[in-house]
Amino acid sequence: MTKMGTERVHSRYVTSAALKALRDRGVMIQDIAEIVYEMQYEFNKQLTMDECIESVERVLMKREIQHALLVGVELDRLAEEKKLSEPLQSLIEQDEGLFGVDETIAFGAVLGYGSIAVTTFGHLDKNKIGIIRHLDSKSGHQVHTFLDDMIASIAANAASRIAHRIRDEEERRMAAEEEAMRKQGMTT
């Protein structure tokens with residue numbers, strides 16, 4: 001840990017804190033990968049869960065994602081402990097429908113992954129797939145006002161990343177085939 005304002009916070013520390021925040025809130029990378037798989041399998045029948053896990057892990061390496069996750073989880077935790085001032089305490093604790101700051105932070109974290117991530121985030125925010133539904137259920141004593149949206153953001157980003165990688169691989173394969181045909185035409 002660094003003293004306030006004297007040193008930069010090392011990215012390894014931030015990464016570790018973000019992953020710990022997920023685990024502490026009961027969210028595993030596998031949980032997010034299952035959402036990614038559901039979002040992308042229709043478009044790629046060869047998709048594996050390992051690819052989805054790897055994509056989630058890569059998304060979680062992005063500083064912007066880590067920062068948004070840490071802010072959201074901290075606000076959820078402070079609301080659980082009733083340490084926020086009113087009316088913010090009630091807005092977050094109740095996950096007030098017109099309080100859109102949770103979606104705004106998560107949406108901002110989606111913007112770096114393009115329109116596929118944006119539309120996937122909207123779908124996940126509306127339909128609450130997988131662990132997102134559980135986090136949004138408001139059961140138990142935990143507050144997940146921000147976390148459910150951040151999980152939707154991470155899953156949307158990982159799904160978009162896979163979609164773009166599939167297209168990149170298709171284009172590389174087509175270019176290699178075209179090159180092979182060109183070379184074959186030159187030798188005959």
[atom1]-[atom2] distance between [X] and [Y], expressed to the nearest 0.5 angstrom:
X	Y	atom1	atom2	result
D136	L147	CG	CG	10.5 Å
R23	I29	CZ	CD1	8.0 Å
T145	D95	OG1	CG	4.0 Å
E54	I162	CD	CD1	8.0 Å

Are the side chains of [Y] and [X] in contact, using a 4.5 Å heavy-atom criterion?
X	Y	answer
M39	L124	yes
I53	T48	no
I35	I132	yes
E51	Q40	no
R25	V73	yes

- Query: Residues two or more places apart in sequence or in another chain: which of them pass side-chain hydrogen bond (donor to acceptor under 3.5 Å, both in side chains) with S16?
  - Reply: none
- Taken in chain and number order and not counting sequence neighbours, the residues that satisfy side-chain hydrogen bond (donor to acceptor under 3.5 Å, both in side chains) with Q142 are H144
Are [Y] and [X] connected into the same hydrophobic cluster when the rule is that any two of I, L, V, M, F, W, Y join if their side-chain heavy atoms are below 4.5 Å apart?
X	Y	value
I154	F121	no
I151	V118	no
V27	M49	yes
I131	M28	no
L70	V9	yes

Under 3.5 Å, sequence neighbours excluded: what are the donor-acceptor pairs made by side chains of residues 97-109?
{"residue": "T104", "atom": "OG1", "partner": "G100", "partner atom": "O", "Å": "2.8"}

- Query: Got a sec, which residues hit side chain to side chain contact (heavy atoms under 4.5 Å, CB included) with E179, two or more places apart in sequence or on another chain?
  - Reply: R182, K183
- Can you tell me which residue pairs pass the side chain to side chain donor-acceptor pair (under 3.5 Å) test with a partner in residues 70-79, sequence neighbours excluded? E74-R77, R77-E81
- Applied to residues 114-126, the side chain to side chain donor-acceptor pair (under 3.5 Å) test, sequence neighbours excluded, yields H123-N127, D125-K128
Quick one: closest heavy-atom pair of [X] and [Y], and the distance?
X	Y	result
Y113	S160	O-OG, 2.7 Å
A18	L69	O-CD2, 3.6 Å
V36	A155	CG2-O, 3.5 Å
A117	N157	CB-OD1, 3.6 Å
A163	I116	CB-CD1, 3.9 Å

- Query: Judged by modelled atom types alone, do S85 and Q89 share a side-chain donor-acceptor pair under 3.5 Å?
  - Reply: no
- Item | Any residue meeting ring-ring contact (aromatic ring centres under 6.0 Å, His included) with Y37, in chain and number order, not counting sequence neighbours | Y41
In residues 55-68, what donor-acceptor pairs under 3.5 Å come from side-chain atoms, sequence neighbours left out?
{"residue": "S55", "atom": "OG", "partner": "A158", "partner atom": "O", "Å": "2.9"}
{"residue": "S55", "atom": "OG", "partner": "R161", "partner atom": "NH1", "Å": "3.4"}
{"residue": "Q66", "atom": "NE2", "partner": "T15", "partner atom": "OG1", "Å": "2.8"}
{"residue": "Q66", "atom": "NE2", "partner": "L60", "partner atom": "O", "Å": "2.8"}
{"residue": "H67", "atom": "ND1", "partner": "R63", "partner atom": "O", "Å": "3.4"}

By salt bridge (Lys or Arg N to Asp or Glu O under 4.0 Å) - contacts of [X] (at least two apart):
X	result
D31	none
D24	K20
E93	K82

- Sorted by first residue and then second, give each salt bridge (Lys or Arg N to Asp or Glu O under 4.0 Å) pair with at least one member in residues 39-50; sequence neighbours left out. none
